[in-house]
S.K.: 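Following this message is one structure expressed as structure tokens.
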Amino acid sequence: GSEMCIRDRVFAIGYYKFMIQLKLIDTYWPLIIPAAASPATYYFMKQYMATGLSLEIIEAARIDGSGEFSTFNKIALPLMKPAMATQAIFAFITSWNNLYTPSMMLTDTAKKTLPMFIMALRSEQFRQDYGVIYLGLFLTVLPIFIVYFTLSKYIIAGVALGGVKAVSYTHL
């Protein structure tokens, strides 16, 4: 309810002042960074690593002489691709559909986001021109489809890998 709106406004003031200090107003960074480092993303990745990343594999790599950086890049990252793809899709859709933060951070008209463009289309000037409105909606949804179909192959590969692991464990 109303306490949520007040909390968001108080957060927005501090966040805006912080972005001014970092000189990031009128850039896309204040829109990208919070989506990549959200608590929900951290929790999901931690839970996925707890179940999907076996410590035995990491220990075996260390015993075989693999360094930490090499182990992370050659073993952990490939096993984490399904989770990273899932979180990338969620973060992109959340950031893409966000209207509040971009309207606060972006003042240059050339940098306005497509959801901000759709809000402008809802004004009286375009209210009767449904062709322009539908084209704007199509352009807004198109990047979401591109990101989803690009990253979905990693999710499908992870599900298939999980199925192969489950089948191989049952035969032991």
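These numbers come from the heavy atoms of this one structure, side chains and all, not from hydrogens, waters or symmetry mates. Nothing fancy with the numbering, it's 1 onward along the sequence.
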S.K.: Hey, mind stepping through Met84 and Leu77 against side chain to side chain contact (heavy atoms under 4.5 Å, CB included) and telling me if it holds?
M.R.: CA-CA 9 Å; Met84 290 187 305; Leu77 268 180; 3.6 Å; yes
S.K.: Over all heavy atoms of both residues, which pair between Leu24 and Pro30 is shortest? Give the atoms and the distance, please.
M.R.: O-CG, 3.3 Å
S.K.: Please list, chain by chain and in numerical order, all residues satisfying salt bridge (Lys or Arg N to Asp or Glu O under 4.0 Å) with Glu68, sequence neighbours excluded.
M.R.: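 Here the qualifying residues are Arg62.
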S.K.: How many angstroms lie between CD1 in Ile75 and CG in Leu79, if you round to the nearest 0.5 Å?
M.R.: 8.0 Å
S.K.: Sort and list the pairs that fulfil side chain to side chain donor-acceptor pair (under 3.5 Å) and have at least one residue in residues 28-44, not counting sequence neighbours.
M.R.: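 As it turns out, the side chain to side chain donor-acceptor pair (under 3.5 Å) pairs with a partner in residues 28-44, which skip direct neighbours, are Ser38-Thr41, Thr41-Gln87.
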S.K.: Look at atom CZ of Phe44 and say whether more than 12 heavy atoms of other residues, nucleotides or ligands are closer to it than 6.0 Å.
M.R.: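 Enclosed.
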S.K.: Kindly write out the residues that satisfy ring-ring contact (aromatic ring centres under 6.0 Å, His included) with Phe18, not counting sequence neighbours, or none if the list is empty.
M.R.: none
S.K.: Treat each ILVMFWY residue as a node, draw an edge where side-chain heavy atoms are under 4.5 Å apart, and state whether Ile89 and Leu114 are in one component.
M.R.: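 Same hydrophobic cluster.
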S.K.: Return the CG to CD1 distance between Leu53 and Ile58, rounded to the nearest 0.5 Å.
M.R.: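 So the CG of Leu53 and the CD1 of Ile58 are separated by 4.5 Å.
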S.K.: Between Lys112 and Leu106, is there a donor-acceptor pair closer than 3.5 Å when you use the side chain of the first and the backbone of the second?
M.R.: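 Between the backbone of Leu106 and the side chain of Lys112 there is a qualifying donor-acceptor contact (under 3.5 Å).
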S.K.: Going by side-chain hydrogen bond (donor to acceptor under 3.5 Å, both in side chains), name the residues that satisfy it together with Gln21, two or more places apart in sequence or in a different chain.
M.R.: none
S.K.: Quick one: side chain to side chain donor-acceptor pair (under 3.5 Å) pairs with a partner in residues 71-84, sequence neighbours left out?
M.R.: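 Only Ser66-Thr71 qualify under side chain to side chain donor-acceptor pair (under 3.5 Å).
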S.K.: Please confirm whether the backbone N or O of Gly67 pairs with a side-chain atom of Ser70, one donor and one acceptor, at under 3.5 Å?
M.R.: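 Looks like no, no N/O pair under 3.5 Å.
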S.K.: Treat each ILVMFWY residue as a node, draw an edge where side-chain heavy atoms are under 4.5 Å apart, and state whether Leu151 and Ile93 are in one component.
M.R.: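 Linked, Leu151 and Ile93 end up in one cluster.
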S.K.: Heavy-atom count around Phe92 CZ within 6.0 Å, excluding the residue itself: above 12?
M.R.: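 Atom CZ in Phe92 is packed in, count exceeds 12.
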S.K.: Could you tell me whether the side chain of Tyr48 and the main chain of Pro82 form a donor-acceptor pair under 3.5 Å?
M.R.: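 It does not hold such a pair.
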S.K.: Would a single hydrophobic cluster contain both Met19 and Met104, if residues Ile, Leu, Val, Met, Phe, Trp and Tyr are joined by side-chain heavy-atom contacts under 4.5 Å?
M.R.: yes
S.K.: Can Ile144 be reached from Tyr134 by stepping across I, L, V, M, F, W or Y side chains whose heavy atoms are under 4.5 Å apart?
M.R.: yes
S.K.: Roughly how far, to the nearest 0.5 Å, is OG1 of Thr107 from CE of Met105?
M.R.: 11.0 Å
S.K.: List the residues meeting side-chain hydrogen bond (donor to acceptor under 3.5 Å, both in side chains) with Thr150, not counting sequence neighbours, and say none if there are none.
M.R.: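 For Thr150, no residue satisfies side-chain hydrogen bond (donor to acceptor under 3.5 Å, both in side chains) once neighbours in sequence are set aside.
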S.K.: To the nearest 0.5 angstrom, please state how far the CD1 atom of Ile25 sits from the CG atom of Asp108.
M.R.: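 Answer rounded to 0.5 Å: 13.0 Å.
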S.K.: Could you state the interatomic distance from OG1 (Thr140) to CE (Met116), rounded to the nearest 0.5 Å?
M.R.: 12.5 Å
S.K.: Under 4.5 Å between side-chain heavy atoms, hopping through other hydrophobics if needed: is there a path connecting Leu55 to Met49?
M.R.: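 Leu55 and Met49: separate clusters.
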S.K.: So how far is it from Trp96 CH2 to Leu31 CG, rounded to the nearest 0.5 Å?
M.R.: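 Answer for the CH2-CG pair, Trp96 versus Leu31, is 11.0 Å.
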